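Proteins get letters first, then strands, A, B, ... in listed order; numbering begins at 1 in each. What you see is a predicted model, and the numbers here were worked out from it, not measured in a lab.
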There are 2 protein chains.
Amino acid sequence: MTSSAGFGGFHLDDTPTAEIDRLESYLVPLADSVRDLLDAALRTTVDEAGVNRARAEIDAVTARLRASQIEGTHGVHFNHEGRSWQWGNAAVGTRNAVAPPMTVRHGDDGTCFAEVDLGAAYEGPPGKVHGGVSALLLDHLMGVTASADRRPNVTGTLTIRYRRLTSLGRVRLEGRIDRFEGIKTFVTATVSDADGLTIEAEGIFVMPKWARDHFPHPS
Amino acid sequence: MTSSAGFGGFHLDDTPTAEIDRLESYLVPLADSVRDLLDAALRTTVDEAGVNRARAEIDAVTARLRASQIEGTHGVHFNHEGRSWQWGNAAVGTRNAVAPPMTVRHGDDGTCFAEVDLGAAYEGPPGKVHGGVSALLLDHLMGVTASADRRPNVTGTLTIRYRRLTSLGRVRLEGRIDRFEGIKTFVTATVSDADGLTIEAEGIFVMPKWARDHFPHPS
């Protein structure tokens, strides 16, 4: 993948959208298979010989995949057609099996929301979502909410109030912009499980220095 | 694994420590192999045929591991010897490839600390740790810090101040108890990368209702 220009590590990339779609058509299913393996490896009770055989086979696949790979990390790319991709993102990266992955959607009213199915690998208290996983997903969703007008933002302060434990399974997140103050965007958000609200959050997102010349401040 | 008793989903388990150590001796390396595969699958540039072959092999391993597996999630176990294990925990679970995993250590002075190597799968901004991953690790380390006197705690409120972006690589977290107020424990913590402090956090941790009869309140 060739980058023709970039600033702040965000790469303007000359790869056409059709080529990104073609790559994702087989690379995203690979990550989905790794997610499934990750869950199986976590929950398996097969015996030592079976586990050791599995491990040897996994290591062989890993070696073949590493025969050709990028240096370092994927970063954030966008092309001239307005398509962006951040395959390695820990919350939303579709090629990253650490990420559930979450898909953030934009509501008609400036809100953002996501529904995520969280399984055994996202556990904290028994049967419950790890409070830090909720924080990870909130941080990301709120950052997207803050950047809904396409201004880059980084998290300044995040305050998360855990009202009760969130059950594993389908979880819904919602975020909305509360207000702007200069380079700061104030966002509120919630997490809910099947039984309703579990977490409330407030975030202050800040436009990074490198972006301030490229984007106007709303006020 | 048989559970003989439990409360609040924390299982008192009659499995001896020696047997837990034996299981971990081959199951933790399996998770390590999945972590390595996860990174390879994220960064690979092999062609479509190579990826599809890898995927088929991964799916075959997954099916064999699933031939015998636990229902649901691992939860949190402890035995009569004082050993505890939470294999599926999203931050510290040694059998969970979503977790880096972090190992929290106790300092002599009541502090807790951890050093974690964060690679491509924990990225947010290009080359930087996802702010939500830092929140995940902080939430967990601070919870352990709050529970250092072995009282169970859940996160009440978490406030995270991002001073600057955290570079991927070796990251250090430190937590300490600031004070107690009845069922609340106030904890402060920091994240640092190779260039120093990047994040400051405050957390209020609360003893859950089910535990209040089992543990005395310091005050």
**Prompt:** Using 4.0 Å as the upper bound for N to carboxylate O, is an ion pair formed by A:Lys184 and A:Glu181?
**Reply:** no
Interface residue of largest heavy-atom contact number with chain B, from [options], under 4.5 Å:
options	value
A:Leu37, A:Leu138, A:Val133, A:Val61	A:Leu37
A:Ala135, A:Ala97, A:Pro125	A:Ala97
A:Val154, A:Leu165, A:Asp59	A:Asp59
A:Val129, A:Ile160, A:Ile204	A:Ile160
A:Val92, A:Asp39, A:Val206	A:Asp39

Using distance alone, with no hydrogens and no angle criterion, decide if [X] and [Y] have a side-chain donor and acceptor under 3.5 Å apart.
X	Y	value
A:Ser167	A:Lys128	yes
B:Glu24	B:Trp87	yes
A:Asn79	A:Thr15	no

**Message:** List the residues meeting salt bridge (Lys or Arg N to Asp or Glu O under 4.0 Å) with B:Arg95, not counting sequence neighbours, and say none if there are none.
**Reply:** none
**Request:** Could you list the residues that satisfy salt bridge (Lys or Arg N to Asp or Glu O under 4.0 Å) with A:Glu115, not counting sequence neighbours?
**Result:**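 Applying salt bridge (Lys or Arg N to Asp or Glu O under 4.0 Å) to A:Glu115 gives A:Arg170, A:Arg172.
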**Options B:Val34, B:Thr157, B:Val46, B:Leu158, ranked by heavy-atom pairs under 4.5 Å with chain A, top entry** =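 That would be B:Leu158.
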If I measure from the heavy atoms of chain B, does [X] come under 4.5 Å with its side chain, its backbone, both, or neither?
X	answer
A:Ala41	both
A:Asp47	backbone
A:Leu168	side chain

**Item:** Where A:His74 and B:Leu42 come nearest, the two heavy atoms and their spacing
**Value:** NE2-O, 2.5 Å
**Prompt:** How close do B:Asp139 and A:His130 get, heavy atom to heavy atom, and via which atoms?
**Reply:** OD2-CE1, 3.2 Å
**Request:** Look up atom CD1 in A:Ile58 and atom CZ in B:Arg35, then write down how far apart they are to the nearest 0.5 Å.
**Result:** 12.0 Å
**Asked** Relative to chain A, which segment of B:Arg22 carries a heavy atom at a distance below 4.5 Å: side chain, backbone, both, or neither?
**Response**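 Only the side chain of B:Arg22 comes within 4.5 Å of chain A.
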**Atom group of B:Ala91 that falls short of 4.5 Å from chain A, counting heavy atoms** =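 Both parts, backbone and side chain.
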Sequence neighbours excluded and cut-off under 3.5 Å, please list the side-chain donor-acceptor pairs for residues 49-56 of chain A, or say none.
unit_1, atom_1, unit_2, atom_2, d
A:Asn52, ND2, A:Glu48, O, 3.4
A:Arg53, NE, A:Glu57, OE2, 3.2

**Request:** Using a heavy-atom cutoff of under 4.5 Å, enumerate the residues of residues 190-202 of chain B that contact chain A, numbered in order, or state 'none'.
**Result:**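 Answer by number: none.
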